[in-house]
Protein chains: 2
Amino acid sequence: MGKSLTKRSEDYSKWYNELVVKADLAENSSVRGCMVIKPYGYAIWEKIQAELDRRFKETGHQNAYFPLLVPKSMFEAEEKNAEGFAKECAIVTHYRLKTDEDQAGKLKVDENAKLEEELIIRPTSEAIIWNTFKNWIQSYRDLPLKINQWANVMRWEMRTRLFLRTAEFLWQEGHTAHETKEEALEEAKLMNSIYANFVENYMAIPVIKGVKTESERFAGADETYCIEALMQDGKALQAGTSHFLGQNFAKAFDVKYTSKEGKQDFVWATSWGVSTRLMGALIMTHSDDHGLVLPPKLAPFQVVIVPIFKNEEQFKQVSKKATEIKTELQNKGISVKFDNRDTHKPGWKFAQYELQGVPLRIAIGPKDLEKGTVELARRDTLTKEFIQESELSQTIIQSLENIQDNLFNKALSFRDSHITEVDSYDEFKEILETKGGFVSAHWDGTAETEEKIKSETKATIRCIPDNACKNDGNCIVTGEPSQQRVLFAKAY
Amino acid sequence: MGKSLTKRSEDYSKWYNELVVKADLAENSSVRGCMVIKPYGYAIWEKIQAELDRRFKETGHQNAYFPLLVPKSMFEAEEKNAEGFAKECAIVTHYRLKTDEDQAGKLKVDENAKLEEELIIRPTSEAIIWNTFKNWIQSYRDLPLKINQWANVMRWEMRTRLFLRTAEFLWQEGHTAHETKEEALEEAKLMNSIYANFVENYMAIPVIKGVKTESERFAGADETYCIEALMQDGKALQAGTSHFLGQNFAKAFDVKYTSKEGKQDFVWATSWGVSTRLMGALIMTHSDDHGLVLPPKLAPFQVVIVPIFKNEEQFKQVSKKATEIKTELQNKGISVKFDNRDTHKPGWKFAQYELQGVPLRIAIGPKDLEKGTVELARRDTLTKEFIQESELSQTIIQSLENIQDNLFNKALSFRDSHITEVDSYDEFKEILETKGGFVSAHWDGTAETEEKIKSETKATIRCIPDNACKNDGNCIVTGEPSQQRVLFAKAY
C-alpha cells in the first residue's frame with residue numbers, strides 16, 4: 001500500500017518528509033519552495049488558529065488586514081532602522097492590464113508594463129502596519145492599539161522543507177502600540193506566555209520560555225522573548241517569538257501621540273508571531289515510526305469508527321450501531337468520523353488512520369453486536385482492548401484526556417532528559433555530538449564567544465531561560481565569570 | 001467632529017467612500033489599489049466568513065491552502081483553455097536572497113536576481129489547484145473532491161474603490177471535481193443556493209438567483225450561476241457566482257479518473273466564490289445618511305451601552321448597573337459592548353455608534369437608576385424609547401429579530417419596486433435613465449443584441465432569472481421572438 005515509513009532511527013529527516021506527505025498534511029507544489037497544505041493538515045492548522053485567535057481576543061486584541069505588497073522605499077525605511085535587517089524577498093516589478101475599451105470575453109492583454117516603484121511581497125508587515133499606525137494614533141485616547149493579522153508571508157529561502165521552512169507560509173503577526181515602556185514590555189511578555197500556555201496545553205509540547213541574546217534577536221527589537229521546544233532528534237525548534245520593539249519603529253515611521261498632559265512622545269511597540277512552522281513542531285514532537293500522533297485537542301477528528309462487515313445485511317446492522325455511538329459521542333462534545341465507505345477494506349482504513357494519528361479508533365463487527373462490545377484502539381500507545389458498549393463514552397472521554405496528558409509527559413520527560421549541564425567546552429562539544437538536546441552552560445555574555453561556539457559547533461544560544469537560578473560560574477570558552485547558565489542547541 | 005457625511009441624494013458615490021472610512025471599515029493604503037481592512041470592518045468580514053465556512057463544511061467541503069504564486073506557463077495553459085480569459089496581474093520577476101555564509105544581523109543582500117520563470121500573483125487559483133488535483137485524483141474513490149480555500153487574490157485594476165474593486169481582496173474559492181456532469185451541475189447550483197440563502201438571511205440583502213448569458217460567463221465555464229442584488233442607487237451588484245466548468249479544466253490539466261467499471265474519463269468540475277465585495281453590498285443596501293446600518297446577525301456587537309454621568313460616584317453606580325445588564329444580555333447570546341471610557345463624552349459616543357451602525361444603543365444615567373428604566377435607541381429606524389429594566393432583555397431580543405427582518409423587507413420592497421417590465425427599447429432606455437434598477441425585457445438570445453444594448457446604454461444582462469415564467473414576446477431591439485424575459489441593469 002506504499003504506506004510504510006522510513007524509520008526515525010534510519011533517517012530522521014527522510015522519515016519527516018515522508019510522514020508529512022503520506023499522512024496527507026502537505027506536499028510540495030510546482031512553485032519552488034511553496035507548499036500545498038492538504039485538507040487534513042489544514043484542519044489541524046484551523047484548530048491551532050481558532051484557539052490562538054480566541055486567546056488573542058480574550059486579551060483585547062482585534063484582527064485587521066493589511067496589504068500583501070510593500071513599496072520598496074517603505075520597506076527600506078524599515079530596513080535602515082533595523083540596521084541590516086535584510087530579508088529574502090520576492091519582488092513584483094511588472095503588471096498586466098486589460099485596456100478599458102475591451103469587452104468581457106474579448107480582452108486584449110497589454111505587454112507586461114513596468115511598475116514605477118518595485119513592490120515587495122511582505123516577509124513580515126512591520127513596515128506597512130507602522131506606516132498605517134501613523135494615521136491611527138494621535139492621542140493617548142488611541143492607545144493601546146492592539147492589532148493582529150492572520151496572513152500569508154513570503155521569504156525567498158534557498159533550502160525549503162514542508163512546514164519548517166517554506167517560501168510562502170501562513171502565520172499571525174501581532175502589532176501593538178503603547179503609551180509606556182512598561183506597558184509594552186508587559187504585553188511582549190504576556191504574548192510569549194500565551195504562546196507557551198497554548199503550545200503546552202493544546203499541542204502537548206513542553207517549551208522553555210526565555211529571552212534571546214542580542215545576536216539572536218529580531219532585527220529592530222530591543223528584546224526578543226521566545227519559546228523553545230525540543231524535537232525527537234535532539235534539535236531545538238523555536239516555536240514562537242514576541243518582541244519588545246522599544247520606540248524603534250515609532251521613530252522610523254514617526255508615530256507620536258499626545259499624552260493626557262499634552263506632551264508629545266513616540267509610542268512603544270511590540271510584535272509577536274507564530275506560523276505553520278508549529279505544524280512541524282507538532283509532527284516532530286509526538287509522531288512515531290507508524291506515522292503521525294496527534295494530541296486530542298488538535299485532532300481534526302478524535303475518534304474514527306470503522307465498520308467490519310462481510311455482506312449488506314451485516315453492514316446495515318453495524319452501521320446502525322456505529323451511528324448510535326457516533327451521535328452519543330458527538331453529544332458529549334467529541335468529534336467523530338464514521339468511515340462507512342465500501343470502497344476501502346477495514347485493514348486499509350486501520351493503516352490510514354494510524355498513519356494520520358487519529359487518537360482513538362473504534363472497530364465494530366457482527367461479533368461485537370452479539371457481545372455488546374467494541375474494539376477500542378489507542379494511537380499513542382498502539383494498544384487495543386474490548387470495551388462494553390455501556391462504558392464506551394466514559395472510557396473515551398477518559399482516554400482522550402489521558403492521551404493528551406501522556407503525550408505531554410512523554411515529551412517532557414524526553415526534553416528534561418536532554419538538558420545537560422556542562423562545565424567545559426570539550427564536554428559541551430561531546431554532548432552536542434553524541435546526545436544532542438539542550439546544553440546548559442556558562443557563557444561570558446559576549447557576541448564574540450557566541451559566534452565562536454556557533455561557527456565551531458553549529459550550536460546557538462536558544463535562550464536565556466526565564467526561570468534559571470543565579471549560579472556563579474565561568475564561561476566554558478573564555479573562563480570569564482558568568483552568573484547564569486544559558487541554553488545552547490543545534491536548531492531547526 | 002468631522003463625522004457628518006455627504007448625503008446620498010447629493011453624491012451617492014462620495015457618500016459611500018466617506019462612509020467606509022468614517023465608520024472605520026477600511027481605508028486606502030499607500031500601495032496603489034490595496035486597502036487596509038480596519039478592525040471594525042474586519043470583524044464583520046469574520047462573521048461573514050464564519051457562517052459561510054460553517055455552511056461549506058456542513059455540505060461536505062474541506063478547506064485547504066494553495067500557493068500564492070503561479071508559474072506563468074501554468075497560468076497560460078489555463079488562459080489558452082479559457083479562450084481569452086485575460087487577467088490583470090502582478091508579476092514577480094526578481095528575488096533577493098541572503099548568502100548562506102552570512103550571519104544573523106550581518107546579512108549582505110545580493111543584488112536583485114532574476115527568476116528563471118516569471119510568477120504571477122494568483123488572480124484566482126484554478127490553474128494551481130487543477131495542477132494539484134491531477135495528483136490527487138486517480139479513481140472514483142477519490143471523488144467527489146470538494147475543496148475550499150480562504151485566500152487573498154490580486155487583480156491589477158485601474159480604478160479601484162474600497163471593497164467594491166481593489167487590487168488585492170480577500171475571498172473564498174471553492175473547487176470541486178465529480179464523476180458525472182449531473183453531480184457537478186447539482187453542486188454548482190447548490191453553492192449558488194447556499195450563497196443566496198446566506199446573503200438573504202444573514203446580510204438581509206434580497207437577491208435574484210439566475211444564470212448568466214454566454215457573454216457574461218466566467219471564461220472557462222459552461223454555465224455561470226449567480227446572485228444579483230440591487231443597491232440604493234439603482235445599480236446592480238453581483239454578490240456571488242458559482243460555475244459549472246464542464247470538463248474544460250480537467251482537459252486543460254489532464255485530470256482523469258478510473259471509474260468503478262475500469263473506464264477512464266475526465267472529471268467534471270465546479271468553482272464558486274464570494275469576496276470582500278460583499279462588504280460593499282452590505283453597506284450600499286442598508287446604510288443611510290447618518291452612516292452604516294448593520295443587520296444584527298453580522299454586527300460585531302449588537303448592543304452598545306453608553307453610561308451617562310457627571311462625577312465619579314455617578315459613574316460607579318451607572319457602571320454597576322451597566323455591567324449587570326451586559327452580563328444578562330450576554331447570557332442570552334447577545335453580543336454587547338459597554339463603552340466605559342471617560343476619554344469621550346456620551347454625545348461623541350452616540351454619534352460614533354450611529355455612524356458604525358450598531359443595531360441597538362442603551363443609555364443609562366442617574367435618573368434611569370432612580371426610575372428603573374433605560375433609554376433604548378434603534379439604529380435602523382432612529383427611534384428611541386424608555387424601557388423598564390425588567391423588560392429589557394426580552395425587548396432587545398425582539399428588537400434584534402425585528403431589525404433583521406425590517407432591513408430585509410425594506411430592501412426587498414425597494415428592490416421589487418425597481419424591477420420594471422418594458423416592451424420597447426425606448427422605454428428601456430428611459431427607465432434606465434430615470435428610475436434605474438432592474439429592467440425586465442425580452443431579448444433575442446444573441447450576443448450581438450446584448451452587446452449593442454451594452455454599448456448604447458451601459459446596461460448588461462445581469463441574469464436569466466431562475467423563477468421566470470415562460471412568456472412569449474419579442475426582443476426589444478430586433479423584434480425577434482423570445483420566450484422569457486431577462487434582467488438588465490447597470491452594475492457595479
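Side-chain atoms are counted along with the backbone in the values below, which use heavy atoms only and exclude waters and symmetry mates. So you know, we letter chains A, B, ... as the sequences are listed, proteins then strands, and number each from 1.
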* So does Glu214(A) have more than 12 non-hydrogen atoms from other groups sitting under 6.0 Å from CD? -> no
* Structure fact -> So, the part of Glu117(B) with a heavy atom under 4.5 Å from chain A: the answer is neither
* Asked: So, for Ala26(B) and Leu162(B), which heavy atoms are closest and what is the spacing to 0.1 Å?
  -> O-CD1, 4.0 Å
* Structure fact -> In this structure, OG1 of Thr224(B) is separated from CD of Glu216(B) (nearest 0.5 Å) by 10.0 Å
* To do: Please confirm whether Phe253(B) and Trp130(B) have ring centers closer than 6.0 angstrom.
  => no
* Asked: Counting heavy atoms not belonging to Lys57(A), are there more than 12 under 6.0 Å from its NZ?
  -> yes
* Asn131(A), Thr132(A), Leu170(A): which one forms the most heavy-atom pairs within less than 4.5 Å of chain B? -> Leu170(A)
* Between Glu46(A) and chain B, which part of the residue has a heavy atom less than 4.5 Å away: side chain, backbone, both or neither? -> side chain
* **Proximity breakdown for Ala90(A) and chain B, heavy-atom pairs closer than 4.5 Å** => both
* Examine whether an atom of Leu68(A) lies under 4.5 Å from a heavy atom of chain B, and if so say whether it belongs to the side chain, the backbone or both; otherwise answer neither. => both
* Asked: With only heavy atoms counted, which part of Asn28(B) is less than 4.5 Å from chain A, the side chain, the backbone, both or neither?
  -> neither
* Structure fact -> Nearest heavy-atom approach of Pro71(B) to Val31(A) is CD-CG2, 3.6 Å
* **Interchain contact, Lys72(B) with chain A, by part (heavy-atom threshold 4.5 Å)** => side chain
* Select one option (side chain, backbone, both, neither) describing which atoms of Leu119(A) are under 4.5 Å from chain B's heavy atoms. => side chain
* Asked: Can you say whether Asp24(A) sits under 4.5 Å from chain B via the side chain, the backbone, both, or neither, judging by heavy atoms?
  -> neither
* What residue in Trp45(B), Tyr40(B), Phe66(B), Tyr42(B) has the most heavy-atom pairs under 4.5 Å with chain A? -> Tyr42(B)
* Under 30°, 30 to 60°, or over 60°: which ring-plane class applies to Trp171(A) and Phe169(A), parallel, tilted or perpendicular? -> perpendicular
* Asked: Is it the side chain or the backbone of Met154(A) that comes within 4.5 Å of chain B heavy atoms, both, or neither?
  -> side chain
* Asked: Would you say Lys458(A) has more than 12 foreign heavy atoms packed within less than 6.0 Å of its NZ?
  -> no
* Structure fact -> Whatever's closer than 4.5 Å to a heavy atom in chain B on Glu27(A) counts as side chain
* Structure fact -> Among Gln149(A), Arg217(A), Gln62(A), the residue with the most heavy-atom pairs under 4.5 Å to chain B is Gln62(A)
* To do: Sort Lys146(A) into side chain, backbone, both or neither according to what part of it lies under 4.5 angstrom from a heavy atom of chain B.
  => neither
* Structure fact -> Shortest non-hydrogen pair, Leu69(B) vs Val92(B), comes out as CD2-CG2, 3.9 Å
* Asked: What distance do Leu143(A) atom CG and Gln138(A) atom CD have between them, rounded to the nearest 0.5 Å?
  -> 10.0 Å
* Taking every heavy-atom pair that is under 4.5 Å apart, which of Lys38(B), Lys260(B), Arg341(B) has the most such pairs with chain A? -> Lys38(B)
* To do: Tell me, for Leu115(A) versus chain B, whether the close heavy atoms (under 4.5 Å) come from the side chain, the backbone, both or neither.
  => side chain
* Structure fact -> Highest number of heavy-atom pairs under 4.5 Å with chain B among Pro67(A), Ser30(A), Cys34(A) belongs to Pro67(A)
* To do: Classify the ring geometry between His344(A) and Trp348(A) as parallel (under 30°), tilted (30 to 60°) or perpendicular (over 60°).
  => tilted
* Structure fact -> Cut-off 4.5 Å, heavy atoms of chain A, and the answer for Ile129(B) is neither
